[in-house]
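Inspection log for the structure reproduced underneath, given as structure tokens.
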Amino acid sequence: MNNPMQFRTTESRRPRPGGLSSRLAGCSVLLLLAAMPAGAELYRLASVSDSVIGVPFYVKTDAEHTLLDIGRHFGAGYDEMQQANPNVDMWVPGDDADVLVPDFHVLPSTPREGLVMNLAEKRMYFFRSATEVETFSVGIGREGWETPVGTYSIIEKIKDPTWTPPASIRKEHAEAGDPLPAVVPAGPDNPLGAFAMRLSNPSYLIHGTNKPWGVGMPVSHGCTRMYPEDIERLFGKVATGTPVRIVDEPYKVGWLGDFLYLEVNANAAQAGGVPLEQVIPPSVAEADGVVIDWEAVRTAVNDNAGLPHLVGGRQGSRSWHHLDMIF
């Protein structure tokens, strides 16, 4: 992120109805990003019953920046940028290519307090209140070192942390011909970055990284990695004692006004593992006045694109039947 970036938005597809913000959706705007810091913005929900945030939009690439550069600037990680742009080269997107920034999310179905991390989408949410939320792309534990689901709290905040790699990690690195010292001091070579927050399961941290390309991927030994600028911003806002809920929700359903959305982030093991009629919880699908477009549900599940699809609405709001799905 050392080079100034300048991207031009292009005509986006239909913005979601009842939108929280019209920024960048359905318009052509020149974005002068060199003076704008990367990182999360604050999303405000109109009601506690709403649970969909953001607006997806397109930008034009230039030959000097990768999809990861663009994603990082807008707070998106590696996997979600690749998933949203399957026909664009991640590292050499070229000049003047249309790139989708997937700034569109259904909130996880958890209490809206503190930090909530959904492993399925590799994304963390920071709730300032039930209707105010920031969201960050994160790197999570890889296979065999999975980040543990559970309810925890922040017990320690550390600036300029040192890293004492456990014996298992030192053994792994030694076998790969990359031996580690017993203690890695603070500085640019420290994989924890400049800020770390320890969970009440003390083996696990939320921390920065000196390898930002791994944000948005399952690459860690179980800890949660954030972009350096994101962890710095969050570090100053989160107090010790803040609850941290780690969930794994590949199928998220949420309302935006009278419109029902489904977001799917299923891995290979999860894809196809849930019957279609169970993807939408019965408490939603069988509620009075709710109509589900099951073909739209099937499309969302098959696409598995990590972007909310419009799949239903309340019967009293006839207009939703005439809206195209966003994706």
Side-chain angles (χ1 to χ4, degrees), residues 13-14 16-18 48-54 56 77 79-80 82-84 86 100 102 104-112 116-125 135 138 140-144 146-151 216-218 245-327:
R13 302 189 186 185
R14 185 193 301 271
R16 81 268 182 284
V48 293
S49 62
D50 285 343
S51 53
V52 181
I53 60 172
D79 281 359
E80 59 189 331
Q82 188 175 58
Q83 195 173 12
L100 175 62
F104 193 31
H105 312 284
V106 176
L107 300 178
S109 58
T110 66
R112 297 183 184 180
V116 175
M117 189 191 317
N118 183 18
L119 300 179
E121 59 179 321
K122 297 178 281 293
R123 181 159 287 276
M124 184 162 64
Y125 299 85
T135 183
V138 296
I140 63 172
R142 66 178 186 261
E143 186 176 359
E146 289 83 359
T147 303
V149 169
T151 300
M217 299 176 69
R245 291 178 174 86
I246 302 177
V247 300
D248 189 8
E249 295 185 8
Y251 303 97
K252 297 186 298 174
V253 176
W255 289 98
L256 185 61
D258 288 328
F259 304 92
L260 183 68
Y261 287 88
L262 169 64
E263 179 184 339
V264 181
N265 296 277
N267 61 30
Q270 295 164 332
V274 178
L276 200 65
E277 62 273 12
Q278 293 182 19
V279 169
I280 308 296
S283 60
V284 175
E286 298 171 9
D288 289 344
V290 172
V291 179
I292 304 298
D293 181 345
W294 290 104
E295 193 54 41
V297 173
R298 186 185 307 278
T299 298
V301 171
N302 290 340
D303 284 356
N304 194 18
L307 283 159
H309 282 59
L310 178 63
V311 296
R314 294 188 172 96
Q315 202 164 15
S317 178
R318 299 291 182 183
S319 62
W320 79 265
H321 291 278
H322 307 290
L323 290 172
D324 296 330
M325 288 187 301
I326 292 179
F327 297 99

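- Here the NE2 atom belonging to His309 is positioned 13.5 Å from the CZ atom belonging to Arg298, to the nearest 0.5 angstrom.
- Here the OH atom belonging to Tyr125 is positioned 11.0 Å from the CZ atom belonging to Arg112, to the nearest 0.5 angstrom.
- Side chains of Ile292 and Leu260 form a contact here, defined as non-hydrogen atoms less than 4.5 Å apart.
- Counting only distance, with no hydrogens or angles, the side chain of Ser51 and the backbone of Trp255 share a donor-acceptor pair below 3.5 Å.
- Residues that satisfy the salt bridge (Lys or Arg N to Asp or Glu O under 4.0 Å) test with Asp79, not counting sequence neighbours, are Lys122.
- For the pair Asn118 and Pro108, the tightest heavy-atom approach, listed with the atom from each and the gap, is CB-CG, 4.2 Å.
- Across Phe104 and Val52, no two heavy atoms sit closer than the pair CE1-CG1, 3.5 Å.
- Under a 3.5 Å cut-off, the side chain of Arg142 and the backbone N or O of Met217 do not form any donor-acceptor pair.
- When all heavy atoms are compared, the tightest approach of Ala266 to Gln270 is CA-OE1, 3.6 Å.
- You'll find the side chain of Ile280 stays beyond 4.5 Å of the side chain of Tyr251, heavy atoms only.
- Atom CD of Glu295 sits about 8.5 Å away from atom CG of Leu276, to the nearest 0.5 Å.
- Heavy atoms only, all atoms of each residue included: Ala285 and Trp294 are closest at CB-CZ2, 4.2 Å.
- The CG atom of Leu307 sits 7.0 Å away from the CD atom of Glu263 when rounded to the nearest 0.5 Å.
- Residue Glu249 is tested with Val116, Thr110, Leu107 for a side chain to side chain contact (heavy atoms under 4.5 Å, CB included); the sole match is Thr110.
- Each of Glu121, Glu80, His105 was compared with Asn265 under the side chain to side chain contact (heavy atoms under 4.5 Å, CB included) criterion, and only Glu121 meets it.
- For the pair Leu119 and Ile246, the minimum side-chain heavy-atom distance is below 4.5 Å.
- Residues that satisfy the side chain to side chain contact (heavy atoms under 4.5 Å, CB included) test with Gln82, not counting sequence neighbours, are Tyr78, Met90.
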